[in-house]
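Below, all heavy atoms of this structure are taken into account, side chains as well, without hydrogens, waters or symmetry copies. Atoms within each ligand, like the ligands themselves, are counted from 1 in listed order.
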Amino acid sequence: MTKVRKAIIPAAGLGTRFLPATKTIPKEMLPIVDRPTILFIVEEAIRAGIEDIVLIQGRQKTSIEDFFDVTYELEDKLERDGKEKMIEQLKRIRSMANIISIRQKQPLGLGHAVFSGRPVVGDEPFAVLLGDEIMVNKEGEDTPTATLARSYESTGLSTVAVMEVPEKETHKYGIVEGEIQPSGAVRVKNVIEKPSPGQTKSRLALPGRYVFSAEIFQYLETTQPGKNGEIQLTDGMTALASGSGLLASQFKARRYDAGDKLGFLQANIEIGLDHPEIGAGLKTYIQELARRL
Ligand code: G1P
């Protein structure tokens, strides 16, 4: 079975939920403690064995590419100051993967953004990782993308990550309907983008991690605008489910909705608590704060 070596990361959004911070900074560059959110996403892909990362970008997003490139002046200064550890960290970031950038010239929807990656992905299977969701795994544990890639490599079927959400939250996500199989995975029949209350009984939501066979491109090419007038990835997925098939499986990870202000702060606090430099200090501060509240 073909190995999953490529990943598409849609990063063309305008970040309106984080204005005014995102007026001149892409939301993918907002930091969780000291690392931009895009680095968490790229690292998850790398840990799944991905070699080529295809960024789908809009205008004013060149700082994401620059982040994965050399910054001569900075590295020169760090070298003169003897900051070896920091230089090593920067080198590690830029040699992580091949970063390939494609411009999505019009914001026509997530399905269209993923379709824009076709010239680089070609006929290979590929992962899609949405940047708003940050997944944190323990060292040595499979990341959600790794779980999906291994599922594809053993079954030959496109597989997407799902998680159970309460009924009142189904309108925020793509929701998967299907039949549970003896393996525990769900054989997907239908995917509904942000259903209205009562539109589905399913609580299985898509948190933005997918592995697809290249077949999905042929459906996305003809997908018409759907929910909110956008070309929806979920509509392409429904077509794929009736084509060669689609599986959905639950995953193991701490998940943060970093596309939301509260989720972004929670990610900063929890990831901060694990941070070797500030973890202990942050814990003491939170304990003191809790006494004052
Ligand atoms: C997108 C997808 C949706 C998915 C969600 C996960 O929606 O369209 O199916 O469940 O990401 O974050 P968005 O949140 O970009 O509106």
Side-chain angles (χ1 to χ4, degrees), residues 7-19 22 26-28 30 37-38 40-41 44-45 55-58 61 104 106-117 127-136 144-145 148 158-178 186 188-196 199-200 202-212 216 219-220 223-241 246 248-251 253-264 266-267:
I8 292 180
I9 302 183
L14 295 175
T16 45
R17 282 198 277 178
F18 277 90
L19 280 170
T22 47
K27 66 174 175 177
E28 293 79 7
L30 295 178
T37 58
I38 188 76
F40 286 85
I41 307 300
E44 181 186 333
L55 293 174
I56 310 296
Q57 298 192 299
K61 295 277 189 146
Q104 185 192 15
Q106 284 173 289
L108 298 181
L110 181 59
H112 178 259
V114 170
F115 183 72
S116 308
V128 176
L129 295 90
L130 303 190
D132 283 349
E133 315 261 346
I134 291 185
M135 308 286 187
V136 178
T145 301
L148 301 178
S158 302
T159 312
V160 298
V162 283
M163 59 182 184
E164 274 195 48
V165 297
E167 186 177 2
K168 62 177 190 328
E169 284 187 20
T170 52
H171 71 280
K172 296 204 270 182
Y173 300 95
I175 300 291
V176 157
E177 293 178 328
V186 172
V188 179
K189 291 242 165 79
N190 189 28
V191 192
I192 312 168
E193 182 65 18
K194 308 197 178 89
S196 331
Q199 206 185 331
T200 178
S202 173
R203 304 284 170 265
L204 291 178
L206 298 163
R209 295 294 186 273
Y210 319 79
V211 166
F212 294 120
I216 191 142
Y219 302 116
L220 290 175
T223 298
Q224 297 302 308
K227 186 94 182 181
N228 302 329
E230 293 179 3
I231 297 175
Q232 296 291 353
L233 180 59
T234 36
D235 290 337
M237 288 164 64
T238 299
L240 179 67
L246 179 64
S249 73
Q250 306 228 17
F251 58 91
R254 258 156 56 200
R255 167 192 167 262
Y256 302 100
D257 180 4
D260 165 84
K261 291 189 187 83
L262 182 59
F264 180 77
Q266 287 165 340

TODO: Answer yes or no: is there a side-chain heavy-atom contact under 4.5 Å between D132 and R17?
DONE: yes
Task: Side chain to side chain, R209 and E44, heavy atoms closer than 4.5 Å - done: yes
Open item on the list: Using a 3.5 Å cut-off on N or O atoms only, is G174 in polar contact with ligand 1?
Closed with: yes
Open item on the list: Counting non-hydrogen protein atoms only, what is the nearest one to atom 2 (C) of ligand 1? Give residue, atom name and distance.
Closed with: E193 OE2, 3.6 Å
Open item on the list: Checking D235 against Y219 for the side chain to side chain contact (heavy atoms under 4.5 Å, CB included) test, could you report, in this order, the C-alpha distance in whole Å, the side-chain angles of both residues, the deciding distance, and whether it holds?
Closed with: CA-CA 9 Å; D235 290 337; Y219 302 116; over 6 Å; no
TODO: Just let me know how L130 lines up against ligand 1, side chain, backbone, both or neither, with a heavy-atom cut-off below 4.0 Å.
DONE: side chain
Task: atom 15 (O) of ligand 1 protein-contacted, heavy-atom criterion under 4.0 angstrom - done: no
Open item on the list: Check contact between T234 and ligand 1, using heavy atoms of the residue and a distance below 4.0 angstrom.
Closed with: yes
Open item on the list: What I want to know is whether K194 and ligand 1 share at least one N or O pair that is separated by under 3.5 angstrom.
Closed with: yes
- [ ] Distance to 0.1 Å, residue and atom name: give those for the protein heavy atom nearest to atom 4 (C) of ligand 1.
- [x] L206 O, 3.5 Å
Task: L206 vs M237 side-chain heavy atoms within contact, under 4.5 Å - done: yes
- [ ] Report the part of D257 in contact with ligand 1, treating N, CA, C, O as backbone and CB onward as side chain, heavy atoms under 4.0 Å; options are side chain, backbone, both, neither.
- [x] neither
- [ ] Could you tell me the residue and atom name of the protein heavy atom closest to atom 12 (O) of ligand 1, and the distance to it rounded to 0.1 Å?
- [x] E133 OE2, 2.8 Å
Open item on the list: Please give me the minimum heavy-atom distance between P10 and V114, naming the atom from each residue.
Closed with: CG-CG2, 4.5 Å
Open item on the list: When you compare ligand 1 with Y173, is there at least one nitrogen or oxygen pair between them that comes in under 3.5 angstrom?
Closed with: no
Task: K172 with D257: basic N within carboxylate O range, under 4.0 Å - done: no
Open item on the list: Testing E164, E177, E167 one by one against R203 for a salt bridge (charged side-chain N to carboxylate O under 4.0 Å, His left out), which residue passes?
Closed with: E167
